[in-house]
Amino acid sequence: MKKYIALLLTLCMLLALVGCGNTSKDSPTSPPSQNTSAPSDSKTPDTQPVSGDAVAAPDGYPEDTITMIVSYAAGAGSDLLARALAQYIDFGDETMVCTNITGGSGTIGMMECYHAEPDGLTMCLALPESYSVQILNGALEEDLFDNLILVASPVYDVDTIAVRVDSPYQTLEELVVYAKDHPGEVTIAGVGSGLNKWMAVDFMQKTGIELKYVPYSDANETRAAVLGGQADVLFSQACESKPYYDSGEMRILAVAAEERAGFMDDIPTCTELGYEFVAGIHRGFAVTPGTPDDIVDYLEAKIKEVYDNPAFIEYMNDTLGFNTVWTGHDEYESLARELVENFRPLLETAANY
């Protein structure tokens, strides 16, 4: 009888152990854990991509690596966004790789994507604000937005006005007062003669001052110029000035927005300082004209999956300094067409500056 009872007890213990072993990552009672934190001190997101199970891919797509063409220099805002998307997006067995093709204020890389095979395997960064200026300058055809397929934009990158931390300008008002008394003396650094110049000219008009705009080939050069004392003011997007704001190397005088940025909530907006100057860039993604609708819809849904990932949101806001604002395919294309008309009044002013 004692042996029989001992045998029963052993069997019960084995059954209990088997029952505990069923609470694995595949068990309904224990779902797989997800990494919902983003690094705060690195520019490379350390996270797993979002699961792609929720979106059905078109048959046979993608059958190869997806190339994301970045039309701007490594380390610039668009480059950082593209590489973050490549880290978070999930295409199953295939991956996304980024390649930098710079020049022409972003148009050379974009045209590489424009003329690629319409199979959805080539994408590019799409900055409709910048392209609108290039259309009005005559560098791009008027019908660009009728052909290039804008997929989606997950961020709106606001413009900032910044100076070196030891600059004599403690506030935007001090800069404005000095510039009015010394027209053309203060230099402001921006990228190229396209969008940055147009927005800098608009800033001057809204504040009633005259600065000397100095064009540089890329964002890295503009920041180096201000830090090195070759230029007085940096005109750039928040993602490009935030690292120097965080490190204490630069002072941001104002954000070109109607509301303060959450990651710079101590910085006033131009609007609250009395200047109706609002500017920024909808950084997003596009594919080649003629890409099938089902592939465009799939890519939009995959980008939205990434956008809905809390880790991506945190990484965009806290580390890179992007305002996360979703703009889907239809709204993105409508926005692009409106921008051309909205920027048209600046055409003559910027050209003659």
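The CG atom of Leu234 lies 8.0 Å from the CZ atom of Arg223; values are rounded to the nearest 0.5 Å. In this structure, CE in Met316 is found 10.5 Å from CG in Asp157, a value given to the nearest 0.5 Å. Taking CD from Glu112 and CD1 from Ile101, the interatomic distance works out to 4.5 Å, rounded to the nearest 0.5 Å. Remark: Leu339 CG to Ile135 CD1 distance equals 9.5 Å, nearest 0.5 Å. The CG atom of Asp246 lies 9.5 Å from the OG atom of Ser241; values are rounded to the nearest 0.5 Å. Atom CG of residue Leu125 and atom CG of residue Asp79 lie 8.0 Å apart, to the nearest 0.5 angstrom.
Scanning both residues, Ala279 and Tyr156, for their nearest heavy atoms gives C-OH, 3.4 Å. The heavy-atom pair separating Ala238 from Gly321 by the smallest distance is CB-O, 3.8 Å. Between Leu172 and Cys270 the shortest heavy-atom distance is CD2-SG, 4.4 Å. Scanning both residues, Ala189 and Ala231, for their nearest heavy atoms gives CB-CB, 3.8 Å. When all heavy atoms of Ala74 and Asn220 are compared, the pair lying nearest together is O-ND2, 3.2 Å. Nearest heavy-atom pair across Gly120 and Ile295 is CA-CG2, 4.0 Å.
Two residues are said to be in side-chain contact when any heavy atoms from C-beta on lie closer than 4.5 Å; Met250 and Leu227 meet this criterion. Considering only heavy atoms from C-beta on, Tyr245 comes within 4.5 Å of Asp266 through its side chain. A heavy-atom distance below 4.5 Å is found between the side chains of Leu136 and Arg344. No side-chain heavy atom of Thr102 sits less than 4.5 Å from a side-chain heavy atom of Asp218. You'll find the side chain of Pro154 reaches within 4.5 Å of the side chain of Phe285, heavy atoms only. Side-chain contact between Asn309 and Glu305 is absent, with no heavy atoms from C-beta onward closer than 4.5 Å. Put simply, the side chain of Leu346 reaches to within 4.5 Å of the side chain of Met199, judged on heavy atoms. Using a 4.5 Å cut-off on side-chain heavy atoms (C-beta onward), Tyr275 and Glu173 make contact.
Without hydrogens or angle criteria, Gln230 side chain to Gly228 main chain gives a donor-acceptor distance under 3.5 Å. In terms of modelled atom types and a separation under 3.5 Å, the side chain of Arg260 and the main chain of Asp265 share a donor-acceptor contact. Under a 3.5 Å cut-off, the side chain of Glu129 and the backbone N or O of His282 do form a donor-acceptor pair. Formation of a donor-acceptor pair under 3.5 Å by the Asn100 side chain with backbone atoms of Tyr72 is found in this model. Here the side chain of Asp159 pairs no donor or acceptor atom with the backbone of Val255 at under 3.5 angstrom. Ser153 places a side-chain N or O within 3.5 Å of a backbone atom of Arg283 that can act as its donor or acceptor partner. Of the possible donor and acceptor atoms, none in the side chain of Glu272 sits under 3.5 Å from a partner among the backbone N and O of Pro268. No side-chain donor-acceptor contact under 3.5 Å links Lys197 to the backbone of Ala351. Between the side chain of Glu240 and the main chain of Gly77, a donor-acceptor pair closer than 3.5 Å is present. Side chain of Asp232 to main chain of Thr187: a donor-acceptor pair is present (N/O by atom type, distance under 3.5 Å, no hydrogens or angles).
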- [ ] Tell me, with the steps shown, if Tyr332 and Val151 meet side chain to side chain contact (heavy atoms under 4.5 Å, CB included).
- [x] CA-CA 7 Å; Tyr332 202 24; Val151 180; 6.0 Å; no
- [ ] Any chance you could lay out the side chain to side chain contact (heavy atoms under 4.5 Å, CB included) test for Phe343 and Asp202, step after step, and finish with the verdict?
- [x] CA-CA 10 Å; Phe343 285 170; Asp202 192 31; over 6 Å; no
TODO: Begin with the C-alpha distance, continue with both residues' side-chain angles, and end with the deciding distance and a verdict on side chain to side chain contact (heavy atoms under 4.5 Å, CB included) for Tyr178 and Glu174.
DONE: CA-CA 6 Å; Tyr178 184 87; Glu174 289 183 6; over 6 Å; no
- [ ] Decide yes or no on side chain to side chain contact (heavy atoms under 4.5 Å, CB included) for Ile303 and Glu300, but give the supporting numbers first.
- [x] CA-CA 5 Å; Ile303 297 170; Glu300 179 187 11; 6.0 Å; no
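Between Phe312 and Tyr88, the two ring planes are perpendicular [angle over 60°; tilted spans 30° to 60°]. Taking the six-membered ring where tryptophan is involved, the planes of Phe235 and Phe277 are tilted, since the angle between them lies from 30° to 60°.
The environment of Lys212 atom NZ is sparse: at most 12 non-hydrogen atoms of other residues, nucleotides or ligands sit within 6.0 angstrom. Crowding of Glu94 atom CD: a count of heavy atoms from other residues, nucleotides or ligands under 6.0 Å exceeding 12. Within 6.0 Å of atom CD in Glu258, 12 or fewer heavy atoms from other residues, nucleotides or ligands are found, so the atom counts as exposed in its surroundings. Within 6.0 Å of CG on Asp181 lie more than 12 heavy atoms contributed by other residues, nucleotides or ligands. Applying the 6.0 Å contact sphere to CD of Glu63 captures more than 12 heavy atoms from other residues, nucleotides or ligands.
Tyr131 and Leu335 fall within the same hydrophobic cluster, where Ile, Leu, Val, Met, Phe, Trp and Tyr residues are linked whenever their side-chain heavy atoms come under 4.5 Å apart, directly or through other members. Linking ILVMFWY residues whenever their side-chain heavy atoms come closer than 4.5 Å, directly or via other members, places Ile149 and Leu121 in the same cluster. Residue Tyr61 is grouped with residue Met96 when hydrophobic side chains (ILVMFWY) are merged at heavy-atom distances under 4.5 angstrom, including chains of intermediate members. Both Leu347 and Leu144 sit in one connected hydrophobic cluster of ILVMFWY residues. Membership requires side-chain heavy atoms under 4.5 Å apart, directly or through other members. Cluster membership check: Met123 shares its hydrophobic cluster with Leu81, using side-chain heavy-atom separations under 4.5 Å among Ile, Leu, Val, Met, Phe, Trp and Tyr.
Looking at Tyr216 and Asn196, their side chains never bring a donor and an acceptor atom within 3.5 Å of each other. One side chain, Tyr114 or Asn147, offers a donor N or O that lies under 3.5 Å from an acceptor on the other.
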